[in-house]
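Structure first, commentary second.
Only this structure's heavy atoms are used, side chains among them; waters, hydrogens and symmetry mates stay out. Lettering of chains follows the sequences in order, A, B, ..., and the numbering in each one begins at 1.
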Amino acid sequence: MGKYFLKKRIFALIFIISVFGYAAVNAYNAHEKLINSWNDIENESITDKVVAVEADINEEIYGKDNFIETFSYMNKLMGKHEINEFEFIKDKKGYLLYSSFFRENTEEEFEYALRIKNLKYKASEYGAETIFIMPPDKYIPSVTEVYEGMPINNVNHKTDELLMWLYRFGVNTIDYREYLPNANISYDETFYKTDHHWTILASFEASKILIDELNKKFGAELNIADESIYDFKQFSESMIGSISRRVGINFSGVDDFTAIIPNCDNEYNYSFINLTNEIIVKEGATKETIIKEDVLDDELNDKYDTYLGGMHYYDSITNLSNKEGPTALFIRDSYASPMITFLAPLFSKIDAVWCLEDIEELDIEVIVENNVYDYIIIQVYPYNIKDEAFNYYK
Amino acid sequence: MLFSSIPFIFYFLPTIFIIYYLVSFSRMLQNIALLLGSLLFYAWGEPVYVLLMVFSIMVNSSGGLLIQKIESKRNRKKILISVIFINLMILFLFKYLGFVIENINMTLGTGISVIELPLPIGISFFTFQATSYVVDIYRGITKAENPFYAGLYISFFPQLIAGPIVKYHSIAEQIRSRKSSIDKVSVGISRFTVGLGKKVLLANTFAFMADTIFNQSVIGIEKVAVPVMLAWLGSIAYTLQIYFDFSAYSDMAIGLALCFGFRLEENFNYPYIATSVSDFWKRWHISLTSFFREYVYFPLGGSRVKNQDYMVRNMFIVWLLTGIWHGANWTFIFWGLYYFFIQLGERFFEFEENVKNKFLKHIYTLFLVNLGWVFFRSDSLYQAGRYIMNMFALNNNGVYSDLAVCMIRENWIFLILGFVFSTPIAIKMNDILYKNRDQSINKLYTLAYPICMFLLLIISVSYLVSGSYNPFIYFNF
């Protein structure tokens with residue numbers, strides 16, 4: 001009987017020391033945030049306050065990454081090809097993809113296309129040309145191989161539907177599925193295993209294709225072909241993408257990263273509204289404004305943030321060295337951040353609104369009508385084809 | 001608040017544990033600390049309904065005191081009936097009123113508006129406990145307590161939202177005089193950790209499989225065909241889910257209670273190794289069957305009645321109530337009556353005695369229990385019917401499902417663990433290792449146990465932190 005209790009006593013001691021000790025450190029670490037979040041919610045019911053505090057408790061876990069990596073390792077150990085109850089699935093080459101047990105309907109795409117058409121006609125009244133660009137999805141049926149029965153989220157039908165309606169409405173489009181991957185840029189160079197974005201290399205290629213289209217369709221006379229004004233830097237096994245941060249690198253692995261940095265001597269005035277609603281203004285050379293090069297210094301991180309320093313509600317880049325260039329408005333998601341950086345030297349001004357923003361101060365209709373743009377570039381990646389991304393001219 | 005949540009494990013539990021042992025010089029203070037902790041625990045999920053809980057405590061506590069004080073048997077009975085009536089009315093108002101009005105409207109074509117009241121979590125559990133409190137005092141088995149102690153019995157957080165249902169006479173003595181010990185705390189913490197692991201790693205995995213597959217069989221109001229393989233996998237996954245979820249909650253409840261010196265009765269005894277449906281119900285949710293046996297079946301006369309018709313009537317009432325207790329839906333009522341008919345059949349045909357083949361008995365029991373869970377899990381009897389048709393290829397559905405293959409391939413470890421831990425193999429292994437005379441094996445086991453348990457804890461917490469699927473299935477109760 002002594003041994004029966006001895007083993008439980010030893011475990012109870014470990015439990016009390018570890019759980020209670022950790023609880024103390026964790027509470028100390030999170031207490032300010034929790035108190036603030038309780039106090040910040042004014043005029044709300046106690047239930048709402050409890051929900052908010054509980055969400056923060058779950059978020060503000062001390063050493064959260066270590067727990068996620070443990071979870072990640074367990075999944076790897078079990079040889080799984082999906083993680084977190086099919087939140088993401090891994091294809092046979094190790095690319096992490098979205099999953100879905102249900103095929104989404106395409107009833108709304110007509111309405112979204114109609115809004116884009118309305119925007120195009122409104123913009124044309126102010127002299128702007130509109131183009132819709134659609135990045136490719138990581139899941140390409142003819143290329144991607146998944147394990148039997150995996151419920152892949154294939155949104156190509158939504159993309160097709162939207163592009164079909166835009167074609168009928170006479171909106172210029174670029175369907176990047178037709179261009180990427182290609183003979184020069186393979187699938188592996190187009191997508192990250194651990195991130196949902198296209199690679200910087202693919203984004204650079206996409207920028208060239210966009211310029212070609214602007215030149216061909218609207219006579220823009222822009223030139224991005226001179227690659228000497230860009231530095232290419234390789235970082236081996238150093239990129240952890242958004243999916244990887246969610247599921248842990250033990251399961252996802254890490255990616256190589258190629259950074260393409262404009263090296264021309266342009267001066268910019270760059271202001272943006274970040275995701276905490278602060279307005280930041282920067283002025284100076286490329287690396288002091290639109291490129292956040294210190295992101296590349298870390299051995300292992302999300303290097304996508306090199307471009308514009310991550311996602312913002314609103315960006316406004318004025319190229320002080322190219323005052324004669326055209327102007328553009330991007331209504332975009334995070335896919336466009338590197339593109340905007342690559343195109344900045346060619347334009348005198350680029351404004352960008354995050355298509356999913358929901359702050360009152362930013363009304364896309366007002367921005368279109370109160371500014372003078374030569375081009376309006378709407379970019380939405382396939383999984384963002386939803387009502388919030390087309391919040392204009394309804 | 002859920003046991004399997006970060007706020008509970010890293011905020012609530014350490015705080016209440018430390019406070020409880022800091023005031024260990026006074027039983028009264030310890031009980032008050034537990035009562036306040038329990039009310040906070042309940043209020044965390046739905047702050048308003050803590051008032052309902054306080055109301056229930058006040059009514060039953062005063063009722064208990066009055067029953068004890070009044071000498072006239074007739075008046076005592078009146079008070080008992082009044083308190084039980086109030087308890088049942090609370091339950092009816094919050095849990096069944098909408099269902100009853102909906103059915104009246106449907107049957108009579110009336111348009112009585114339904115007030116949609118959110119169901120207070122655990123209302124069926126604490127109402128039954130409150131009823132047990134006054135009944136036991138009325139019967140003279142136990143004495144009435146002061147409102148704090150009565151309140152602690154009704155609202156004690158370890159068993160508040162998912163049981164076990166504790167009969168008052170089984171715990172009355174412990175509220176006043178219980179002994180805490182290092183061994184009780186050690187066993188309690190170990191039991192809690194095992195429960196946490198069962199819930200987070202096994203029950204949640206099976207829950208995802210079952211929910212996905214049951215959802216696949218419904219699109220809007222349409223009930224669609226799913227392949228035979230997938231339908232069976234869904235029903236088996238739910239069979240495993242409900243056992244591991246419910247028994248895990250009971251493990252955690254029993255473990256936590258032990259940490260505070262209370263001994264609660266066991267609620268599960270490996271129900272899936274039962275050799276008949278009657279045997280299954282001796283092993284499944286033992287506290288509920290025991291409650292109905294003691295407070296409904298026996299007072300009605302039980303089985304010891306001269307006329308067997310009364311026994312059938314008594315069984316019918318108990319199983320009808322069992323169904324109704326689980327939720328306000330025809331699926332639960334059907335599920336209760338389903339077990340009534342099966343057990344009646346087993347009695348009349350003397351199944352246990354007449355069927356000798358044990359393997360056959362296991363298969364028979366698991367088959368019927370699994371089928372029963374389909375009714376329990378479905379949103380309506382129609383869905384249940386269509387789902388069962390899927391299972392037997394009667395719904396113009398195919399047999400093979402690559403999704404089923406995928407789910408089995410991805411979760412085979414959990415499925416095997418689920419099957420293994422549905423049997424008492426762990427206890428048997430424990431006995432063998434613990435009683436092993438070879439000292440080195442014995443020592444190795446003593447050393448390995450805390451390490452394995454600690455790993456189980458870390459892995460369970462890592463699953464919680466990662467935000468993996470963690471449903472709470474007792475909203476209906």
Side-chain angles (χ1 to χ4, degrees), chain A residues 1 3-16 18-24 26-27 34 45-47 49-50 53-54 57-58 61-64 66-74 77-87 89 101-102 146-151 246-248, chain B residues 1 5-7 9-11 13-15 17-18 43-48 182-183 185-190 192-193 204-205 208 212 215-216 219 401-407 409-411 413-414 434 442-443 445-450 453-454 457-459 461-469:
Chain A
M1 191 56 92
K3 286 238 169 71
Y4 175 81
F5 284 111
L6 178 65
K7 63 182 193 285
K8 294 197 186 253
R9 279 185 176 198
I10 297 171
F11 172 65
L13 187 69
I14 295 171
F15 182 97
I16 289 172
S18 59
V19 171
F20 289 22
Y22 176 80
N26 188 47
L34 300 183
S45 66
I46 296 178
T47 310
K49 286 189 175 224
V50 168
V53 170
E54 182 152 351
I57 286 175
N58 288 322
I61 283 283
Y62 186 73
K64 189 173 182 176
N66 296 325
F67 284 114
I68 290 176
E69 287 306 332
T70 307
F71 170 72
S72 184
Y73 184 69
M74 287 306 298
L77 211 58
M78 289 186 283
K80 295 187 82 168
H81 305 106
E82 58 83 23
I83 193 161
N84 220 356
E85 272 81 41
F86 291 89
E87 184 180 359
I89 60 181
F101 288 93
F102 294 93
V146 292
Y147 293 91
E148 187 188 356
M150 283 290 185
R246 177 85 186 86
V247 303
Chain B
M1 199 182 292
S5 70
I6 300 298
I9 299 168
F10 293 122
Y11 286 83
L13 180 59
T15 311
F17 190 88
I18 289 167
W44 188 260
E46 192 52 79
V48 179
I182 291 174
D183 285 337
V185 172
S186 305
V187 173
I189 285 176
S190 304
F192 174 79
T193 308
N204 289 352
T205 303
F208 179 79
T212 304
N215 290 342
Q216 292 245 323
I219 296 175
S401 160
D402 59 356
L403 180 59
V405 171
C406 170
M407 283 187 160
R409 187 189 57 232
E410 294 299 316
N411 295 302
I413 293 177
F414 293 115
Y434 156 65
N442 214 312
K443 275 180 190 166
Y445 178 51
T446 306
L447 197 70
Y449 179 85
M453 289 291 281
F454 186 61
L457 175 68
I458 296 285
I459 292 166
V461 171
S462 77
Y463 270 66
L464 288 177
V465 171
S466 301
S468 59
Y469 197 60

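- A distance of 12.0 Å separates OG in B:S190 from CZ in A:R9, rounded to the nearest 0.5 Å.
- Between chain A and the options B:I6, B:T15, B:L13, heavy-atom pairs under 4.5 Å are most frequent for B:I6.
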ask   = Checking side chain to side chain contact (heavy atoms under 4.5 Å, CB included) for the pair A:E54/B:W44: CA distance, chi angles, key distance, verdict?
value = CA-CA 9 Å; A:E54 182 152 351; B:W44 188 260; 2.6 Å; yes
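- A search for ring pair (Phe, Tyr, Trp, His ring centres under 6.0 Å) contacts involving B:F414 returns nothing, not counting sequence neighbours.
- For chain B, the nearby part of A:S18 is the side chain; its heavy atoms alone come within less than 4.5 Å.
- The CD1 atom of A:I14 sits 11.0 Å away from atom CD1 of B:I189, with the distance rounded to the nearest 0.5 Å.
- Across A:M78, A:E87, A:K64, A:R246, the residue that shares the most heavy-atom pairs under 4.5 angstrom with chain B is A:M78.
- Looking at heavy atoms from C-beta onward, A:F20 lies in side-chain contact with B:I18 at the 4.5 angstrom threshold.
- Atom OH of A:Y73 sits in a sparse spot, with 12 or fewer heavy atoms from other residues, nucleotides or ligands closer than 6.0 Å.
- Only the side chain of B:V405 comes within contact range of chain A, with heavy atoms under 4.5 Å apart.
- For B:Y469 against A:N84, the heavy-atom pair with the smallest separation is N-OD1, 4.3 Å.
- Scanning both residues, B:T446 and A:K7, for their nearest heavy atoms gives O-CB, 3.7 Å.
- Atom CG in A:N26 sits 11.5 Å away from atom CD1 in B:I9 (nearest 0.5 Å).
- Interface remark: B:L457 contributes side-chain atoms only to the contact with chain A (heavy atom separation under 4.5 Å).
- For a residue to count as touching a neighbouring chain, one of its non-hydrogen atoms must lie under 4.5 Å from one of that chain's; by this rule A:I61 touches chain B with the side chain only.
- Considering only heavy atoms from C-beta on, A:N58 comes within 4.5 Å of B:P7 through its side chain.
- Of the inter-residue distances, the one linking A:L77 atom CG with B:I413 atom CD1 reads 7.5 Å to the nearest 0.5 angstrom.
- In this view, A:Y62 satisfies the ring pair (Phe, Tyr, Trp, His ring centres under 6.0 Å) rule with no residue, not counting sequence neighbours.
- Most heavy-atom pairs under 4.5 Å with chain A, from the set B:P450, B:G467, B:S5: that is B:P450.
- In this structure, the portion of A:I16 lying under 4.5 Å from any heavy atom of chain B is its side chain and not its backbone.
- Here the CG atom belonging to B:N411 is positioned 6.0 Å from the CZ atom belonging to A:F86, to the nearest 0.5 angstrom.
- Interatomic distance, B:T212 OG1 to A:E85 CD, rounded to the nearest 0.5 Å: 8.5 Å.
- Using a 4.5 Å heavy-atom threshold, the side chains of A:F67 and B:V461 count as touching.
- Side-chain contact between B:Y11 and A:L34 is present, with at least one heavy-atom pair separated by less than 4.5 Å.
- The shortest heavy-atom contact between B:F10 and A:A23 is O-CB, 3.1 Å.
- The backbone N or O of A:G149 lies less than 3.5 Å from no partner atom in the side chain of B:R409, so there is not a single donor-acceptor pair.
- Nearest heavy-atom pair, A:E82 versus B:E410, reported as atom, atom and distance to 0.1 Å: N-OE1, 3.3 Å.
- Looking at B:Y463, both its backbone and its side chain come within 4.5 Å of chain A, counting heavy atoms on both sides.
- Side-chain contact between B:T193 and A:F11: present, with at least one pair of heavy atoms (C-beta onward) separated by less than 4.5 Å.
- Residue B:I182 qualifies as open at atom CD1: its count of foreign heavy atoms under 6.0 Å is 12 or below.
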